[in-house]
Amino acid sequence: MMKLLGFGQFKVAFGERETNFACVETLLQDFAKIDLLVLPELCFTGYDFRDQGEVADLAEPMGTGPTSDFLMRLAARFSAVVIAGYPERSGDRFYNSCMMALPTGEIHNYKKTHLFSRENDLFSPGDAAPTVVETPAGRIGMMICFDWIFPEVARSLAIAGAQILAHPSNLVLPYCQRAMYARSVENHLYTITANRIGTEDRAGRSLTFTGASQILGPEGDTLAAAPSDSEVVLTALVDLEQADAKQINSYNHLINSRRNDLFGNPATAGEDKP
Ligand code: ACM
């Protein structure tokens, strides 16, 4: 089944949610249809919060709030699945989360489980592995930025049947994009890393985000690649069935040939397991 997958890469204005919504609208103005759009981590608020008070000012509960409304509006307008990162308020805690809006109005959510650097001072880590969601754009697993360096995140989603890994990111390290080649190949699925660009100079620190968002295929081929410094939406038309072909020759199956007797069995996430 052919699907049009895409990502948005842009400069995020810290604390200016409406400006960032408008930027995404502008980037999408020439698009009529897209099946899946992935936007970066914390992409409407900015990343480098000075303290938890700033997080509190910009955090929203899942499903109600300006970010949910915006994502649901985009999902309805493009008949698309739309995924973006946002600071989530849940009870008296804050999470670095991403939300998936479906054209039906349904919403799914994932709270980042591996917090990077100062994120540990700002957010609680999610305490549930991501699950696979069956959508009109394919079976999608969400992971957020630094989750990439723990291959069991991508692996558990592949075991649970994901065809696409949606990977909203705010990358500052320069080598994740190359490492995602391995996540794609070892799991034989599509990966979409949506990264932001620009620099945040806040609280005496300067963080520059590395852009180079990409869509990789199940054999590691680059299907779309953004530069490190420009605002773009890029897409790739893909055959989802290729991601189901885990039998790489008559002897070796990427999931079933694992030696769980020697190496353990990573928890299979997957309330929506196919
Ligand atoms: C990161 O996890 N934002 C590097």
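If you read the sequence from its start, that first residue is 1, and numbering goes on from there. First listed ligand is number 1; within each ligand, the first listed atom is number 1. The shown structure was predicted, so the numbers you read here are calculated from the model rather than taken from an experiment.
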Q: Could you tell me whether E119 and K112 make a salt bridge, using a distance below 4.0 angstrom between a side-chain N and a carboxylate O?
A: yes
Q.
Whether D127 and K111 form a salt bridge (side-chain N of Lys/Arg under 4.0 Å from carboxylate O of Asp/Glu) is what I want to check.
A. no
Q. Checking R196 against F209: charged group under 6.0 Å from the ring centre and within 45 degrees of the axis?
A. yes
Q: Answer with side chain, backbone, both or neither: which part of F146 has a heavy atom less than 4.0 angstrom from an atom of ligand 1?
A: both
Q | Parallel, tilted or perpendicular: ring planes of F21 versus F70, cut at 30 and 60 degrees | A | parallel
**Q.** Nearest neighbour of atom 2 (O) of ligand 1 from the list R118, K112, R196, on a heavy-atom basis
**A.** K112
**Q.** Atom indices of ligand 1 within 4.0 angstrom of Y47 heavy atoms, with elements
**A.** 3 (N)
Q: Could you tell me which atoms of ligand 1, counted from 1 in the order shown, lie closer than 4.0 angstrom to a heavy atom of E41?
A: 1 (C), 3 (N)
(Q) Quick check on N170 - does any of its heavy atoms sit under 4.0 Å from an atom of ligand 1? (A) yes
Q. Just which atoms of ligand 1 are under 4.0 Å from any heavy atom in E119?
A. 1 (C), 2 (O), 3 (N)
Q | Protein heavy atom at shortest distance from atom 1 (C) of ligand 1 | A | C145 SG, 2.9 Å
**Q.** Salt-bridge criterion met for K11 and E200 (N-O under 4.0 Å)
**A.** no
Q | ligand 1 contacted by H114 (non-hydrogen, < 4.0 Å) | A | no
**Q.** Ring centre gap for H114 and F146 strictly below 6.0 Å
**A.** no
